[in-house]
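For reference, the structure discussed in these notes is given below.
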4 protein chains.
Amino acid sequence: MQPLSKSEIKRKALIKATVCLVINNGFHAAPMSKIAKMANVSPGTIYLYFENKQDLINKVYLEIKASFAAHAFKDFNEQMTVEEGFKNIWKQIADFKLMQVDEALFLSQCDNTPMIDEESKKEGIKHLQPLLDLWKRGQEQGVIKNCCHYMLYAYTVYPLAFLMNAKQKKDITINEQYIQDAYLMAWDSIKQSK
Amino acid sequence: MQPLSKSEIKRKALIKATVCLVINNGFHAAPMSKIAKMANVSPGTIYLYFENKQDLINKVYLEIKASFAAHAFKDFNEQMTVEEGFKNIWKQIADFKLMQVDEALFLSQCDNTPMIDEESKKEGIKHLQPLLDLWKRGQEQGVIKNCCHYMLYAYTVYPLAFLMNAKQKKDITINEQYIQDAYLMAWDSIKQSK
Amino acid sequence: MQPLSKSEIKRKALIKATVCLVINNGFHAAPMSKIAKMANVSPGTIYLYFENKQDLINKVYLEIKASFAAHAFKDFNEQMTVEEGFKNIWKQIADFKLMQVDEALFLSQCDNTPMIDEESKKEGIKHLQPLLDLWKRGQEQGVIKNCCHYMLYAYTVYPLAFLMNAKQKKDITINEQYIQDAYLMAWDSIKQSK
Amino acid sequence: MQPLSKSEIKRKALIKATVCLVINNGFHAAPMSKIAKMANVSPGTIYLYFENKQDLINKVYLEIKASFAAHAFKDFNEQMTVEEGFKNIWKQIADFKLMQVDEALFLSQCDNTPMIDEESKKEGIKHLQPLLDLWKRGQEQGVIKNCCHYMLYAYTVYPLAFLMNAKQKKDITINEQYIQDAYLMAWDSIKQSK
DNA sequence: TATGAATGAGCGTTCATTCAT
DNA sequence: AATGAATGAACGCTCATTCAT
């Protein structure tokens with residue numbers, strides 16, 4: 001792996017600082033000056049890397065969405081059966097949401113908020129294409145219910161955001177069995193009953 | 001029904017304005033001055049009804065959460081079977097989320113954001129008790145999967161927020177059939193398979 | 001003594017509340033609303049008794065100044081010798097400053113601050129005429145130094161404000177002996193040495 | 001003497017503006033915006049130099065108190081006799097109060113008002129230590145009356161504030177003779193009579 | 001007389017953004 | 001490329017004052 005260039009380090013530090021501040025107190029408690037301080041950078045420097053605050057937020061969103069997708073699909077291949085593939089992807093998504101808590105919380109906030117440009121949101125969705133393709137295959141094979149992708153997403157991936165939030169607030173604790181139970185609920189909700 | 005007092009009218013107008021601005025642009029783009037203007041009131045007047053901005057947001061949240069719960073349980077009674085009862089409540093929730101779009105969007109933002117005091121969130125959850133009780137009964141009867149309420153909520157109610165968002169952005173259109181499909185997915189995910 | 005009329009009671013309550021709030025936190029921490037609350041009166045009512053806040057403050061000042069003068073001269077008569085008379089007045093002034101702490105603190109703040117209209121200050125000074133006359137007599141008799149009244153005041157009455165402040169902050173405690181010492185210093189500073 | 005840095009110039013300008021506005025209209029009529037304008041600075045800039053308005057006022061007070069003390073003791077040395085030393089210090093204090101009118105008026109307002117933190121007041125008093133030491137020496141030598149420092153201060157230094165106020169309002173005019181008379185009154189009031 | 005809800009100008013303060021260095 | 005002092009518009013909020021009741 002190539003070592004990151006100095007400026008790439010700064011960029012990453014800015015992104016990390018943004019995520020950290022936003023998830024803890026929300027957009028309005030993440031001033032540029034604090035982001036700069038936390039990234040060990042001067043406020044002015046941010047504007048060498050990002051056009052303005054909105055651009056910064058958008059870029060952070062897209063970057064994290066990309067890393068989320070990379071994680072989701074890292075073990076998946078199209079030779080898998082639909083059920084195998086879905087389980088594989090779902091578990092990786094769960095893994096991401098529960099291990100990369102900060103990033104996942106950030107995405108959850110963005111997705112339920114007018115914080116991000118609609119355009120960037122659209123852009124971020126594209127990363128999920130392999131999952132949509134898999135679902136399509138599943139529907140053609142009669143394995144998965146014949147409903148739109150939004151619905152499939154709503155009942156399989158989206159619930160994880162809720163569980164992640166609950167875990168964050170220490171309302172629940174999550175172990176392997178818990179994940180497995182959650183997976184079964186996701187699968188039960190979308191699989192085609194005979 | 002009693003006519004609202006003049007001051008109750010103002011209070012309602014302030015709440016409505018808050019919801020409207022927050023859902024369109026987020027907490028940080030809903031300044032008190034705009035809320036006042038939209039409610040046809042002077043900025044100072046807000047502080048006759050609410051202690052400060054945080055209090056305003058909290059109260060709006062709680063008020064809407066209460067009206068949400070009232071809607072959810074309005075036709076429910078405890079003589080219903082678990083499945084009947086769940087279907088009844090779920091459909092009312094769906095109805096609320098899809099008809100009272102603004103209020104529902106507001107709740108969704110609050111629930112995925114550090115916008116609201118943790119205390120008010122806890123307060124807001126209490127309204128759901130009848131649903132939790134119903135689930136408990138279902139679990140005792142072996143009709144509903146034996147998992148924690150957070151999970152049951154995550155896979156039945158929470159997905160509606162995602163669908164509501166999608167509808168709002170005109171990504172999907174929702175009709176009776178769509179609702180029925182969604183209901184089945186919710187039920188399939190939590191019902192105890194034999 | 002005649003019982004105070006209802007409206008005179010309110011007036012007095014307003015004056016007392018004003019004094020109380022101003023001495024504790026200064027003019028800027030004595031809003032009309034708090035004054036009204038402390039006087040058990042509605043904010044609007046204040047404006048039936050006083051033109052505006054400045055007028056209220058001025059009137060409070062003048063009223064207290066008058067009561068201060070009444071106290072100062074209550075036992076004095078012009079048959080007294082200059083030294084007797086001065087001692088008598090000075091002790092009464094000391095008594096006022098140390099017993100009617102709130103009123104005295106209020107006067108001290110007013111006299112060292114642009115809080116009061118210059119006109120009202122001028123008005124307030126008139127009450128001291130008997131003391132000035134006494135001084136004049138003393139100077140004519142060669143008993144008191146031949147300097148202007150401002151100077152005599154500065155070295156006899158004004159120092160009490162400092163001692164009163166110190167007492168208020170519990171930096172010193174004051175008893176009869178202390179008063180007597182202070183009196184001697186006042187007298188020593190103005191008496192004509194042979 | 002080193003030229004002041006650009007930021008030191010701004011700091012001084014802010015302090016000067018604060019003094020000017022406060023002495024003319026009081027704390028409550030010295031808004032940050034006016035202070036900024038008078039210092040030829042934008043409102044936000046104040047907060048680069050001072051934490052908030054209270055901090056600004058405190059710092060101004062302490063800075064002036066220090067310069068006051070520096071002036072008071074600039075010619076004094078401990079080899080002087082008590083009377084010499086006292087006269088020296090007293091005259092310098094008088095000089096400061098009558099020449100640096102604005103600063104002196106500011107101190108007078110602060111010392112008779114709850115404008116300044118108690119803590120800062122305590123801090124400001126420390127500067128007077130040499131005078132207190134001198135008084136102690138005088139008392140040990142039987143030259144000065146055996147009373148507490150507060151009293152000595154009340155009858156020697158504090159009266160100057162009153163004269164200064166009177167001069168400011170053009171009630172009196174002050175010349176060398178006047179100063180000398182005032183000095184004698186101060187000395188007469190505290191010196192031990194045989 | 002007396003009220004107190006309502007006003008809105010103005011406060012102290014923050015912060016996204018710029019620009020001279 | 002990087003800085004950080006400076007900006008000033010805009011924020012949340014207060015409060016002297018008014019006026020319909």
Side-chain angles (χ1 to χ4, degrees), chain A residues 5-7 10-11 27-37 39-57, chain B residues 5-7 10-11 27-37 39-57, chain C residues 5-7 10-11 27-37 39-57, chain D residues 5-7 10-11 27-37 39-57:
Chain A
S5 71
K6 223 165 143 190
S7 87
K10 269 182 194 166
R11 212 187 121 91
F27 185 90
H28 79 285
M32 296 300 256
S33 55
K34 267 195 198 168
I35 292 172
K37 199 164 285 170
N40 269 319
V41 147
S42 135
T45 303
I46 301 183
Y47 293 83
L48 299 175
Y49 293 86
F50 304 94
E51 273 174 54
N52 52 40
K53 193 175 181 184
Q54 186 61 59
D55 181 53
L56 166 62
I57 297 280
Chain B
S5 72
K6 221 166 150 189
S7 86
K10 263 179 200 169
R11 209 187 123 92
F27 182 92
H28 79 282
M32 295 301 255
S33 54
K34 272 193 197 167
I35 291 173
K37 200 163 284 172
N40 265 319
V41 152
S42 122
T45 302
I46 301 182
Y47 296 87
L48 296 175
Y49 294 87
F50 303 95
E51 276 175 48
N52 50 43
K53 190 174 182 185
Q54 185 62 60
D55 181 52
L56 165 62
I57 298 281
Chain C
S5 70
K6 223 165 145 191
S7 86
K10 269 183 195 167
R11 212 188 122 91
F27 185 90
H28 78 285
M32 296 299 256
S33 56
K34 267 194 197 169
I35 292 172
K37 199 166 284 170
N40 269 320
V41 146
S42 134
T45 303
I46 300 182
Y47 293 84
L48 299 175
Y49 292 86
F50 303 95
E51 274 175 52
N52 52 41
K53 192 175 182 183
Q54 184 62 59
D55 181 52
L56 166 63
I57 298 280
Chain D
S5 70
K6 221 166 150 189
S7 87
K10 263 179 199 167
R11 210 188 122 92
F27 183 92
H28 79 283
M32 296 300 255
S33 54
K34 271 194 198 167
I35 293 173
K37 202 164 284 172
N40 265 320
V41 152
S42 124
T45 302
I46 301 182
Y47 295 86
L48 297 174
Y49 294 87
F50 303 95
E51 275 175 50
N52 49 44
K53 191 175 181 183
Q54 185 61 60
D55 181 53
L56 166 63
I57 298 281

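All values reported here derive from a predicted model rather than from experimental measurement. Residue numbers begin at 1 in each chain, while the letters A, B, ... track the order of the sequences.
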- request: List for me each residue that meets ring pair (Phe, Tyr, Trp, His ring centres under 6.0 Å) alongside Phe27(A), sequence neighbours excluded, and say none if there are none.
  value: His28(B)
message: My understanding is that only residues two or more places apart in sequence, or in another chain, count here; which of them pass side chain to side chain contact (heavy atoms under 4.5 Å, CB included) with Ser33(B)?
response: Pro31(B)
- prompt: Can you tell me how far the OG1 atom of Thr45(C) sits from the CZ atom of Arg11(C), to the nearest 0.5 Å?
  reply: 14.5 Å
task: May I ask you to say what Lys37(B) touches in the nucleic acid, namely base, sugar-phosphate or nothing, with a heavy-atom cut-off under 4.0 Å?
output: nothing
query: Rounding to a whole Å, what distance do you find between Ile46(A):CD1 and dC15(E):P?
result: 13 Å
- request: Summarise how protein sits on nucleotides 15-21 of chain F as a single string, 5' to 3': B when a protein heavy atom is under 4.0 Å from the base, S for sugar-phosphate-only contact, - for no contact.
  value: SSBB---
statement: Residue set satisfying side chain to side chain donor-acceptor pair (under 3.5 Å) with Asp55(B), at least two apart, ordered chain then number -> Lys59(B)
- request: Grab the CG-P distance between Leu56(D) and dC11(E) for me, whole Å please.
  value: 15 Å
message: Quick check on the helix from dA2(E)-dT21(F) to dT21(E)-dA2(F): what's the angle between its two end axes, five base pairs per end, to the nearest 10°?
response: 10°
message: Checking Gln54(C) now: which residues fulfil side chain to side chain donor-acceptor pair (under 3.5 Å) with it, not counting sequence neighbours?
response: Asn58(C)
- request: Mind calculating the distance between CZ (Arg11(C)) and C1' (dA2(E)) to the nearest angstrom?
  value: 17 Å
- prompt: How many angstroms lie between CD1 in Ile46(D) and NZ in Lys10(D), if you round to the nearest 0.5 Å?
  reply: 12.0 Å
task: Would you please name every residue forming a side chain to side chain contact (heavy atoms under 4.5 Å, CB included) with Ser7(C), sequence neighbours left out?
output: Ser5(C), Tyr49(C)
Whole-Å distance separating the CG atom of Leu48(C) from the C1' atom of dG4(E): 13 Å
Phosphate contact (dA2(F) OP1 or OP2) by Tyr49(A) side-chain N/O below 4.0 Å: yes
- prompt: Considering residues at least two apart in sequence or located in another chain, which fulfil the side chain to side chain contact (heavy atoms under 4.5 Å, CB included) criterion with Lys37(B)?
  reply: none
